[in-house]
Number of protein chains: 2
Amino acid sequence: MRETKQRRIILEELKKHMDHPGADELYHEVRKVLPRISLGTVYRNLDLLSECGVIRKLEYGSGQKRFDPNPQPHCHFRCVKCGSVKDLPFEIEVPEPDKNHPWLKTRKILGANLEYYGLCTECMAGEH
Amino acid sequence: MRETKQRRIILEELKKHMDHPGADELYHEVRKVLPRISLGTVYRNLDLLSECGVIRKLEYGSGQKRFDPNPQPHCHFRCVKCGSVKDLPFEIEVPEPDKNHPWLKTRKILGANLEYYGLCTECMAGEH
DNA sequence: CTGAATGCAAAGCCTTTGCATACGG
DNA sequence: CCGTATGCAAAGGCTTTGCATTCAG
């Protein structure tokens, strides 16, 4: 993959995030560094980087897709109220289905997504 | 909730599905019974029914949202190639995080989504 | 009757794409 | 140099929404 200024900055900015921003949010931050970058470029790079396994595209929950600088499989916690997404700060083992189950004879499992949802700290405080 | 012909037919048609159709697919099937129903009505009803817990809205994986006539928590298998979604035909227990973990003192977990992905029977056969 | 539900069409949000230009290796 | 990457803007899915009308209770 060719290294361009845009690609580098996008990755840098993404890595600053503990939460997992959507393309649009990231676009606005990258724009502070590269004011002429286009939203299309951000999308194209995020897609490329996730296809190459450098980052991870989170497609579950909520409407908007989010991006995670950590491509290793790990679980997330999504707030059902404000939509924020964070890593779980502890390990959770995703259960392995029994490979000998007849149903899996004609299918292939490549991986799993496990997401917990609930109320984040801010939204819990805001509840009555 | 008021019972309308549209609402009843939408639910009936959804229940016929073993897979989990998107709103658009369901709309076309309902139209065979109620030719004048609108796509907006289908969306509004699917949203209402899932808010009431009668059905379940699947938001993870792929772009389009899908709807499951079974509101009970259970796992799905999504084909990364054709996008089809099916129930897993066996039980899988979602791991419970340790409720005493300090991180959870200020948050509340309401549930979890566990989705496996891979290649379905048809797409496995089509691979080289 | 009265508020909730519908059909229709327009608008909305997020994402992708076509094309001419710029640039990295 | 060549082919990939970019900026720009337009188009594309899918979903939501405003509004006048219809319908269920």
Side-chain angles (χ1 to χ4, degrees), chain A residues 1-14 17 19-52 54-68 78 80 82-85, chain B residues 1-14 17 19-52 54-68 78 80 82-85:
Chain A
M1 200 193 315
R2 185 179 287 184
E3 155 138 7
T4 64
K5 196 180 301 180
Q6 290 84 343
R7 190 160 299 160
R8 186 168 43 77
I9 304 285
I10 288 171
L11 195 50
E12 268 175 23
E13 291 299 318
L14 179 58
H17 276 265
D19 55 353
H20 307 310
D24 190 68
E25 186 182 346
L26 204 51
Y27 165 65
H28 286 297
E29 307 212 341
V30 171
R31 247 166 110 75
K32 292 175 189 161
V33 185
L34 299 174
R36 297 191 52 78
I37 199 174
S38 74
L39 185 54
T41 296
V42 173
Y43 272 105
R44 274 183 293 230
N45 277 301
L46 289 172
D47 279 349
L48 261 173
L49 290 167
S50 56
E51 270 165 34
C52 298
V54 179
I55 63 173
R56 185 157 159 230
K57 193 188 215 173
L58 307 180
E59 308 203 52
Y60 41 33
S62 77
Q64 185 181 215
K65 284 162 195 161
R66 289 165 170 272
F67 297 86
D68 187 339
R78 176 173 52 89
V80 293
C82 71
S84 69
V85 174
Chain B
M1 200 194 316
R2 187 180 283 185
E3 156 137 6
T4 65
K5 198 180 299 182
Q6 289 85 341
R7 188 159 298 160
R8 187 168 42 78
I9 304 285
I10 288 171
L11 195 50
E12 270 176 22
E13 290 299 316
L14 178 58
H17 277 264
D19 56 353
H20 307 310
D24 190 68
E25 185 183 346
L26 204 52
Y27 165 65
H28 287 296
E29 306 212 343
V30 170
R31 248 165 109 74
K32 293 176 189 162
V33 186
L34 299 174
R36 298 191 52 77
I37 198 173
S38 76
L39 185 54
T41 297
V42 172
Y43 273 105
R44 273 183 294 232
N45 277 300
L46 289 172
D47 279 349
L48 261 173
L49 289 167
S50 57
E51 271 166 34
C52 298
V54 179
I55 65 173
R56 187 159 158 228
K57 195 188 214 172
L58 307 180
E59 307 202 51
Y60 42 31
S62 76
Q64 183 183 214
K65 285 163 194 159
R66 290 166 170 271
F67 296 87
D68 187 338
R78 177 172 52 90
V80 294
C82 72
S84 68
V85 175

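Side-chain atoms are counted along with the backbone in the values below, which use heavy atoms only and exclude waters and symmetry mates. Lettering follows sequence order; numbering is per chain, from 1.
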Between dG7(C) atom C1' and Ile10(B) atom CD1, what is the distance in whole Å? 13 Å

What I want to find out is whether Glu12(B) reaches Arg8(B) closely enough, with some N-O distance under 4.0 Å, to be called a salt bridge. yes

Which whole-number value in Å describes the distance from Glu25(B) CD to dC14(D) P? 11 Å

Residue pair Ile37(A)/Gly40(B) against DNA chain D: nearer the 5' end by closest nucleotide is Ile37(A)

So Asp24(A), base contact, sugar-phosphate only, or nothing? Heavy-atom distance under 4.0 Å. nothing

In whole angstrom, give the distance that lies between atom OH of Tyr27(B) and atom P of dT16(D). 16 Å

Candidates dG7(D), dT16(D), dT6(C) - which lies nearest the side chain of Asn45(B): dT6(C)

Looking at Gln6(B), I'd like to know whether one of its side-chain N or O atoms comes within less than 4.0 Å of OP1 or OP2 on dC23(D). no

Closest approach of Tyr27(A) to Leu39(A) (non-hydrogen atoms, all atoms of both residues): CE1-N, 3.4 Å

Taking atom P of dT16(C) as reference, at what distance in whole Å does atom CD of Glu51(A) sit? 10 Å

Treating Arg56(B) as the side-chain partner and Asp68(B) as the backbone partner, does any N or O pair qualify as donor plus acceptor under 3.5 Å? no

Whole angstrom is fine here: how far is it from CG in Leu39(B) over to P in dG13(D)? 14 Å

By nearest atom, which of the nucleotides dT15(D), dT15(C), dG7(D) is closest to the Arg36(A) side chain? dG7(D)

Can you tell me the distance, in whole Å, between the CG atom of Leu46(B) and the C1' atom of dT16(D)? 13 Å

Is any side-chain nitrogen or oxygen of Tyr43(B) closer than 4.0 Å to OP1 or OP2 of dT16(D)? no

Distance check needed: dC14(C) C1' versus Arg66(A) CZ, whole Å only. 13 Å

Whole-Å distance between dC23(D) P and Arg7(B) CZ? 15 Å

Checking side-chain contact (heavy atoms from CB on, under 4.5 Å) for the pair Leu46(B)/Lys65(B): CA distance, chi angles, key distance, verdict? CA-CA 11 Å; Leu46(B) 289 172; Lys65(B) 285 163 194 159; over 6 Å; no

Flag side-chain contact, heavy atom, 4.5 Å: Pro21(B) against Leu26(B): yes

Any chance you could list the contact pattern along nucleotides 20-25 of chain C? Use B for base contacts, S for sugar-phosphate-only contacts and - for none, protein heavy atoms under 4.0 Å, 5' to 3'. ---BBS

Respond yes when some side-chain nitrogen or oxygen of Arg44(A) is under 4.0 Å from OP1 or OP2 of dT4(D), and no when none is. no

Using the side-chain contact (heavy atoms from CB on, under 4.5 Å) rule, take Arg44(B) and Thr41(B) through it: C-alpha gap first, then chi angles, then the decisive distance, then the call. CA-CA 5 Å; Arg44(B) 273 183 294 232; Thr41(B) 297; 3.8 Å; yes

I would like to know whether Ile9(A) and Ile37(A) meet side-chain contact (heavy atoms from CB on, under 4.5 Å); could you show each step before the answer? CA-CA 10 Å; Ile9(A) 304 285; Ile37(A) 199 174; over 6 Å; no

